[in-house]
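Below: the structure, in structure tokens.
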Amino acid sequence: MHKHSPESSIKVQISEISIGMFVTGIENNTRINLTNAGRVSSEAGIQSLLKNNIKFVWVDEGLSDSKIDFSTLTTIATEDSQPAKPIAESTQSLRNRRKNNVKGTTAARSLVEEAKGIASKVINKAFDGQAFSVDEFDAWADDLISFTLTDKDAIRLVSALRSKDEYLLEHSVSVSTLLVTFARYLGYSEAELKQFAIGGIIHDIGKVKVDDKVLHKPAKLTAEEFEHMKMHQTYALDLIKNIKGLSVISRDVCLMHHEKLDGNGYPKGLAGDQLPVHGRMSSIVDIFDALTADRVYKKSMSPQEAFKILLGMTPNHLDSNLVYQFINCLGVYPVASLVELSNGRAAIVWESNQKHSKKPIVKSFYSIKHKHFTEIEFKDLAKSDLTIVRAISPSEFDFDINDFIH
């Protein structure tokens with residue numbers, strides 16, 4: 001997990017700064033200021049630094065745009081003028097947890113990338129009408145289940161990293177992760193958890209047959225387009241016939257996530273007892289993930305806003321008891337969600353607290369009042385006077401939150 005760190009930055013002349021670089025520190029002669037950490041997003045930002053007579057900047061290659069060629073830069077050797085180190089953690093246990101978190105998220109990132117590869121492979125095979133077996137998912141599903149037992153916060157953090165351009169793949173991975181987390185919380189067996197994982201990965205398989213212009217339309221669909229979009233569930237009925245060894249749970253997750261308890265869902269209009277628990281779970285998870293993800297045509301909302309919408313869809317569309325269970329499973333402030341602290345800082349919920357759900361470990365990085373980046377600090381709210389004031393939607397900021405989930 002790459003986090004913003006002055007020690008891992010290189011010092012370069014201001015004349016060599018370019019859009020896409022992640023600046024962790026600036027220097028005006030001998031004065032060093034670390035409150036402006038962040039990615040340079042425009043020429044105006046560069047001009048602002050020049051106007052303020054900034055001579056040098058520290059740039060973190062790992063957090064900068066991958067297209068930038070750092071080999072051409074002239075780096076400045078430094079001895080005594082290194083940027084100040086971030087404030088030390090308040091406790092040794094928090095430091096140890098952060099080290100473990102780095103290892104966890106690195107492994108989780110590999111698992112999520114593997115899942116995206118599997119999902120892409122499945123989509124391509126489905127599009128070509130090729131048969132494939134659930135055995136292709138086995139090793140990955142086992143690893144995911146292991147993660148939700150040993151390091152569920154790491155896997156949630158990494159699956160929260162989203163790109164509008166890869167929505168279909170990332171939505172499938174995130175739904176799979178959420179379903180396994182939710183199913184484990186409800187007490188399902190490991191064999192069943194694997195079936196939930198596979199169901200999540202294939203749940204939108206029918207969209208490979210939807211017209212690309214409709215699937216990727218950057219605006220609200222017309223009534224006719226929406227009817228075409230709904231056909232993805234009908235297409236899925238035929239496509240999953242090519243998946244050997246598919247269980248009932250995996251099949252139902254795929255085919256029932258758009259059904260509603262009152263019978264007004266699709267593709268079959270199932271109602272009440274016709275919808276098994278796992279089918280009801282898939283509806284909740286699919287809606288929650290769609291609401292909290294950035295799309296081409298809409299901004300993401302906070303988990304708390306999504307929870308309110310889920311509750312508003314009970315009892316006609318969603319199962320009331322399961323929605324409350326889902327909220328309890330994720331916690332009041334889910335991992336990877338954004339919050340405002342009582343000191344006016346924006347922070348990412350980094351690690352959950354099972355005993356005190358309102359006092360997680362957070363990673364603060366931005367002053368909401370002064371509208372600038374701050375030194376990154378990890379705070380265990382269970383051991384701090386700071387409290388969470390409110391939940392924040394990523395859409396409130398004009399920078400990419402993903403840069404700080406590293």
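Quantities reported herein were computed from a predicted structural model and do not represent experimental measurements.
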Fill in: Worked verdict on Leu341 versus Ser364 for side chain to side chain contact (heavy atoms under 4.5 Å, CB included)
CA-CA 8 Å; Leu341 302 179; Ser364 69; 4.2 Å; yes

Worksheet item: Going by heavy atoms in the side chains, are Glu375 and Phe365 under 4.5 Å from each other?
Response: no

Worksheet item: Backbone N or O of Ser189 within a donor-acceptor pair of the Glu192 side chain at under 3.5 Å?
Response: yes

Worksheet item: Is the shortest heavy-atom distance from the side chain of Val175 to the side chain of Ile201 under 4.5 Å?
Response: no

Worksheet item: Should Lys244 and Asp135 count as an ion pair when the cut-off is N to O under 4.0 Å?
Response: no

Practice prompt. In sequence, state the C-alpha distance, the side-chain angles, and the governing distance for Ile198 and Gln195, and then conclude on side chain to side chain contact (heavy atoms under 4.5 Å, CB included).
Written response: CA-CA 5 Å; Ile198 293 169; Gln195 295 168 36; 5.9 Å; no

Worksheet item: Leu381 versus Ile361: any side-chain heavy-atom pair under 4.5 Å?
Response: no

Worksheet item: So, do Pro276 and Asp252 sit near enough that their side-chain heavy atoms are less than 4.5 Å apart?
Response: yes

Worksheet item: For the residue pair Arg184 and Ile145, what are the closest heavy atoms and their distance?
Response: NH2-O, 2.9 Å

Item to complete: Under the salt bridge (charged side-chain N to carboxylate O under 4.0 Å, His left out) rule, what do Lys194 and Asp138 come out as? Steps first, then yes or no, please.
Response: CA-CA 8 Å; Lys194 183 180 289 189; Asp138 261 6; 3.6 Å; yes

Worksheet item: Donor-acceptor pair, Glu259 side chain versus Leu275 backbone, under 3.5 Å?
Response: no

Worksheet item: Is the side chain of Lys213 donor-acceptor paired with the backbone N or O of His216 at a distance under 3.5 Å, no angle test?
Response: no

Worksheet item: Given Lys121 and Glu136, is the salt bridge (charged side-chain N to carboxylate O under 4.0 Å, His left out) satisfied, shown in steps?
Response: CA-CA 10 Å; Lys121 184 178 178 182; Glu136 297 182 39; 3.5 Å; yes

Worksheet item: Does CZ in Arg251 sit with more than 12 non-hydrogen atoms of other residues, nucleotides or ligands closer than 6.0 Å?
Response: no

Worksheet item: Got a second to check how far Leu270's CG is from Leu255's CG, nearest 0.5 Å?
Response: 9.5 Å

Discussion item. For a side chain to side chain contact (heavy atoms under 4.5 Å, CB included) check, start with the C-alpha distance between Asn316 and Lys260, then their side-chain angles and the critical distance, and finish with the verdict.
Written reply: CA-CA 7 Å; Asn316 293 333; Lys260 299 174 181 177; over 6 Å; no

Worksheet item: Between Ser342 and Thr387, is there a donor-acceptor pair closer than 3.5 Å when you use the side chain of the first and the backbone of the second?
Response: yes

Discussion item. Within 45 degrees of the ring normal and closer than 6.0 Å to the centroid, is that where the cationic atom of Lys209 sits relative to Tyr235?
Written reply: no

Worksheet item: Rounded to the nearest 0.5 Å, how far does NE2 of His228 lie from CG of Leu215?
Response: 8.5 Å

Worksheet item: Is the CZ atom of Phe397 crowded by more than 12 outside heavy atoms at less than 6.0 Å?
Response: yes

Fill in: Rounded distance [0.5 Å steps], NE2 in His232 versus CD1 in Ile205
11.0 Å

Worksheet item: Are the side chain of Glu340 and the backbone N or O of Ala391 linked by a donor-acceptor pair below 3.5 Å?
Response: no

Fill in: Straight-line distance of Leu178 CG to Ser282 OG, nearest 0.5 Å
12.5 Å

Discussion item. Could you go through Leu186 and Gln325, starting from their C-alpha distance and side-chain angles, then the distance that decides it, and tell me whether this counts as side chain to side chain contact (heavy atoms under 4.5 Å, CB included)?
Written reply: CA-CA 8 Å; Leu186 294 177; Gln325 294 263 46; 3.9 Å; yes

Worksheet item: Considering all heavy atoms of both residues, which atom of Gln233 and which atom of Met256 are nearest to each other, and what is their separation?
Response: NE2-N, 4.2 Å

Discussion item. Please check this pair: side chain of Asn353 against backbone of His356, looking for a donor-acceptor N/O pair closer than 3.5 Å.
Written reply: yes

Worksheet item: In terms of the angle between their ring planes, are Trp350 and Phe378 parallel, tilted or perpendicular, with boundaries placed at 30° and 60°?
Response: perpendicular

Item to complete: Report the C-alpha distance between Glu305 and Ser302 in whole Å, list the side-chain angles of each, state the deciding distance to 0.1 Å, and finish with yes or no for side chain to side chain donor-acceptor pair (under 3.5 Å).
Response: CA-CA 5 Å; Glu305 291 172 303; Ser302 71; 3.2 Å; yes

Worksheet, complete the sentence: Scanning both residues in full, the closest heavy-atom pair of Lys359 with Asp380 reads O-OD1, 4.3 Å

Discussion item. Which heavy atom of Pro360 sits nearest to which heavy atom of Glu351, and what is that distance?
Written reply: CB-O, 3.2 Å

Worksheet item: Would a 4.5 Å heavy-atom cut-off, applied to side chains only, mark Lys217 and Thr222 as touching?
Response: yes

Item to complete: Would you tell me whether Ser250 and Ser247 have side-chain atoms, one donor and one acceptor, within less than 3.5 Å of each other?
Response: yes

Worksheet item: Taking atom types as modelled, is there a side-chain donor on Asp262 or Asn264 under 3.5 Å from an acceptor on the other?
Response: yes

Discussion item. I'd like to know if the side chain of Arg280 and the backbone of Leu322 have a donor-acceptor N/O pair within less than 3.5 Å.
Written reply: no

Worksheet item: Hey, do the aromatic rings of Phe326 and Tyr185 have their centres closer than 6.0 Å?
Response: no

Worksheet item: Is it true that a side-chain atom of His317 and a backbone atom of Met313 form a donor plus acceptor pair closer than 3.5 Å?
Response: no

Response to the item:
Of all heavy-atom pairs linking Tyr366 and His372, the shortest is CD1-O, 3.3 Å

Discussion item. Within the structure provided, determine whether Tyr324 and Leu311 are in side-chain contact (heavy-atom separation under 4.5 Å).
Written reply: yes

Discussion item. Under a 3.5 Å distance rule, please check whether His203 uses its side chain to pair with a backbone N or O of Gly200 as donor and acceptor.
Written reply: yes

Discussion item. To the nearest 0.5 Å, what is the distance between CZ on Phe288 and CZ on Phe182?
Written reply: 11.5 Å

Discussion item. Taking the basic N atoms (NZ, or NE/NH1/NH2) and the acidic carboxylate oxygens, is any pair closer than 4.0 Å for Lys363 and Glu377?
Written reply: no

Worksheet item: Taking the side chain as C-beta and beyond, is there a heavy-atom pair between Val214 and Leu221 under 4.5 Å?
Response: yes

Worksheet item: CD1 of Ile327 to NZ of Lys308: how many Å apart, nearest 0.5 Å?
Response: 11.0 Å

Fill in: Side-chain heavy atoms of Val362 within contact of Tyr333, under 4.5 Å
no

Fill in: Heavy-atom pair with the smallest gap, counting every atom of Thr292 and Ala306
CG2-CB, 3.8 Å

Practice prompt. Establish, from distance only, whether the side-chain atoms of His171 and Asp289 form a donor-acceptor pair under 3.5 Å.
Written response: yes

Discussion item. Donor-acceptor pair, distance only, cut-off 3.5 Å: does the side chain of His370 make one with the backbone of Ser367?
Written reply: no

